[in-house]
Amino acid sequence: MHNERKITNDLYWVGVNDRRIALFENVYPVPGGISYNSYLLIDDKTVLFDTVDRCMSHQFFDNLEFILGERKLDYVVVNHMEPDHSANLSDLLLRYPEVKIIGNAKTFVFIKQFFNNDMESHFITVNDGDTLSTGKHNLKFIFAPMVHWPEVMVTFDETDGILFSADGFGGFGALNGNIFADEVDFDESHWENMRRYYTNIVGKYGVSVMSLLNKATSLNINYICPLHGKIWRKDIDKLVDKYKKWASYEPEEKGVTIVYGSIYGNTENAAEILAGILAEKGIRNIQMFDVSVTHPSYLVSSCFRYSNIVIASNTYNAGMFINMDAFMHDLAAHSLKNRYVSIIESGSWAPMSGKKIREILESMKDMKIIGDTVTITSAPKNKDYEKLEKLASDIMNSL
Ligand SMILES: Cc1cc2nc3c(=O)[nH]c(=O)nc-3n(C[C@H](O)[C@H](O)[C@H](O)COP(=O)(O)O)c2cc1C
Ligand SMILES: [Fe+2]
Ligand SMILES: [Fe+2]
């Protein structure tokens, strides 16, 4: 049975929600599920904007079939060729043999790589800035390379001011009936779904996202329709402001993310002591994570959010604690820049973790080390408390 929703008089959400999925991209925990959004425009011509992941094909085709009714599908625009949005292309062609596929030259390279059947006769290749009239609506194709993948483009419906933004402006979390951001109390849990999605999925490509944002400023946007998460038709400025911060690697607010790696709990103890001193000094935005317990995607998200980071790790076979090592590489791979970072290391015979942490930080851009590395031998003692107090003061001064 179909379960689409109406966005405007001519546009429908025909997407699906997946609440069974444990790991998005087989990496990121999505306890609230995820949506694969697909949109259908009914004009003189009918246009589908992207499809959905393979896991939910059946529901998607029910939605599509119902809205189309007796009409045929004229076009499918492939804004993003990643399989979570395009896996159903081949089935779509079987059901709608006359459909034309709109994409760019790179889109079609990927289509040929992913599918065995020959779709070439369906291709309509567009260039950056090309337009297509579907009757009442005028669609403009705007390239957004590396806003996740190199072939990514966004489509702007100039008639109604609707931006089909591909993975841009997306978020984790299934849509629970309410597909619009303004239909729910868009509290911090919703922003965290968007932040963790953005920072982990697109965070590395801030420069590309900025260039898309610059292109978008000249558009009169009434709606943003991403491929995952809520649709925006209010507070678009607020959303764009968040994106400008994330894309330019500016912290959203002053605060401290503390990530610790500890076997027996001693480095953890040092991190707790530091957090307590920071709190006594008046800092309220502190998030603490055990690197072995919380998935790194939450840690990456928190590091993007706040101005300061503290990394505390024991020494493990002359390096960082194994999970900290993975996390630090993950953080560097996301190209985070421009943060204040402080280091706590520990070890029983030859503490080395601080040096290793510093090496990774030095490979990243504009990461400023705040305070002296605090070295704990086996377990924190009174003398270490003073060092931690000094570190807390240095962190306060940097805020
Ligand atoms: C597998 C393993 C490897 C370790 N390698 C080192 C090392 O190379 N150098 C060192 O000084 N301590 C090493 N240690 C000791 C811990 O780093 C040290 O006891 C630390 O203070 C423990 O802190 P924690 O209680 O936070 O885990 C190792 C411990 C384990 C279990
Ligand atoms: Fe993607
Ligand atoms: Fe996606």
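In each ligand, atom 1 is the first atom listed, and ligand 1 is the first ligand listed.
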**Study point:** E252 and its salt bridge (Lys or Arg N to Asp or Glu O under 4.0 Å) partner, picked from R195, K245, R339
**Key:** R195
Exercise for review: If the plane angle is over 60° it's perpendicular, under 30° parallel, otherwise tilted; pick one for F186 and W191.
Suggested key: perpendicular
Check your understanding: N/O/S of E82 less than 2.8 Å from the Fe ion (ligand 3)?
Key -> no
Revision key, fill the gap. Tested for ring-ring contact (aromatic ring centres under 6.0 Å, His included) against H228, the lone hit among F169, Y198, Y36, Y28 is Y36
Practice item. Confirm or rule out an N/O/S atom of H148, from backbone or side chain, lying less than 2.8 Å from the Fe ion (ligand 3). Key: no
Check your understanding: Considering only protein heavy atoms, which is closest to atom 1 (C) of ligand 1, and at what distance to one decimal place?
Key -> Y316 CE1, 3.5 Å
Review point. At what distance is the nearest protein heavy atom to atom 17 (O) of ligand 1, and which residue and atom is it?
Key: T315 O, 2.5 Å
Review point. From H80, does some N, O or S atom reach closer than 2.8 Å to the Fe ion (ligand 3)?
Key: no
**Study point:** Closest approach of any protein heavy atom to atom 11 (O) of ligand 1, naming residue and atom
**Key:** A350 N, 2.7 Å
Revision key, fill the gap. Answer key: the N, O or S atom of D84 nearest to the Fe ion (ligand 3) is OD2
Point to revise | Worked check of side-chain contact (heavy atoms from CB on, under 4.5 Å) between I101 and L93 | key: CA-CA 9 Å; I101 306 174; L93 257 61; 3.9 Å; yes
Practice item. Tell me which one of I344, T377, N317 gets a heavy atom nearest to atom 3 (C) of ligand 1. Key: N317
Practice item. Would you mind finding which of I322, N266, I263 brings a heavy atom closest to atom 25 (O) of ligand 1? Key: N266
Practice item. Answer with yes or no whether the side chains of Y197 and D167 bring together a donor and an acceptor at under 3.5 Å. Key: yes
Check your understanding: In the protein, which heavy atom is nearest to atom 18 (C) of ligand 1, and how far is it?
Key -> S348 OG, 3.3 Å
Check your understanding: D167: which N/O/S atom is nearest the Fe ion (ligand 2)?
Key -> OD2
Check your understanding: Cationic tip of R233 within the cone over F180's six-membered ring, i.e. under 6.0 Å and within 45° of the normal?
Key -> yes
Review point. Among all protein non-hydrogen atoms, which one is nearest to atom 22 (C) of ligand 1, and what is the separation to 0.1 Å?
Key: Y264 CD1, 3.6 Å
Check your understanding: Can you find a pair of side-chain heavy atoms, one from F321 and one from S353, that are under 4.5 Å apart?
Key -> no
Check your understanding: Under the side-chain contact (heavy atoms from CB on, under 4.5 Å) criterion, do Y96 and K72 qualify, and how do the steps go?
Key -> CA-CA 7 Å; Y96 304 98; K72 69 182 175 87; 5.6 Å; no
